[in-house]
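Reviewing the structure listed below.
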Amino acid sequence: MAVIGPHEGKELELMLNNQKNIALFYSDYDIPESFLPYLENNIFKLRVVNPVDELKNPFSYNIIYKDKYIKDVNYLVELLKEAAGEFNPMVEREIGRLLGYDKDDIEFYITNCYSNGLFI
């Protein structure tokens, strides 16, 4: 059975073990302190994205990544901006893929969003 959030709390470990290339954190939460030495030593990079939602409210994402995945980060930024306006399962699948989630977990997330009435 798939579980939402298999990476939560394990992002750094997964990135250090080359199992995850990009980590995404909402600005409502601090970047985990365990990432700070890696950011300070330029092992990982940080990019802040400030899209607006469908009501024109701004919000932020913090993206931590390995420099060699900058193309994927640029694509993720485009997808995040697109996703801020309206739920689109195809966009959500691509975001999940870029963040290293497996297909079953992505599908579980999308199904869960629909079944909880979060998106129509």
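Proximity of R93 to E107: side-chain heavy atoms (C-beta onward) are separated by under 4.5 Å at one or more points. Side-chain contact check for Y69 versus N74: every heavy-atom pair is 4.5 Å or farther apart. Between I63 and L80 the shortest side-chain heavy-atom distance falls below 4.5 Å. Side-chain contact between S34 and L36 is absent, with no heavy-atom pair separated by less than 4.5 Å. Here the side chains of L98 and V73 are not in contact, with every heavy-atom distance at 4.5 Å or above.
Shown here is N41, whose CG atom has more than 12 heavy atoms of other residues, nucleotides or ligands within 6.0 Å.
The hydrophobic cluster containing I70 also contains V49, counting ILVMFWY residues as joined when their side-chain heavy atoms lie under 4.5 angstrom apart, directly or transitively. Cluster membership check: L76 shares its hydrophobic cluster with F87, using side-chain heavy-atom separations under 4.5 Å among Ile, Leu, Val, Met, Phe, Trp and Tyr.
In this structure, CG in N62 is found 9.5 Å from CG in L39, a value given to the nearest 0.5 Å. The CD1 atom of I31 sits 12.0 Å away from atom CG of L12, with the distance rounded to the nearest 0.5 Å. Atom NZ in K45 sits 13.5 Å away from atom NZ in K66 (nearest 0.5 Å). Atoms CD1 and CZ, from I22 and R47 in turn, are 10.5 Å apart once rounded to the nearest 0.5 Å. To the nearest 0.5 Å, the span separating CG on L16 from CZ on F35 amounts to 7.5 Å. In this structure, CD1 in I64 is found 5.0 Å from CZ in F25, a value given to the nearest 0.5 Å.
When all heavy atoms of D102 and D105 are compared, the closest pair comes out as OD1-N, 2.8 Å. Across every non-hydrogen atom of M15 and Y65, the tightest pair is CE-CA, 3.9 Å. When all heavy atoms are compared, the tightest approach of I110 to P89 is CD1-O, 3.6 Å. Residues E94 and L79 approach most closely at CB-CD1, 3.5 Å, considering heavy atoms. Heavy-atom minimum distance, R97 versus I106: N-CD1, 3.5 Å. In this structure, A83 and V91 approach most closely via the heavy-atom pair CB-CG1, 3.9 Å.
In terms of modelled atom types and a separation under 3.5 Å, the side chain of N88 and the main chain of M90 share a donor-acceptor contact.
Relative to the ring axis of Y101, K20 places its NZ or CZ within 45° and under 6.0 Å from the centre.
Note: Y26 and Y61 have tilted aromatic rings, judged against thresholds of 30 and 60 degrees for the angle between ring planes.
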Derivation of the side-chain contact (heavy atoms from CB on, under 4.5 Å) call for D67 and N42: CA-CA 9 Å; D67 200 32; N42 289 318; over 6 Å; no
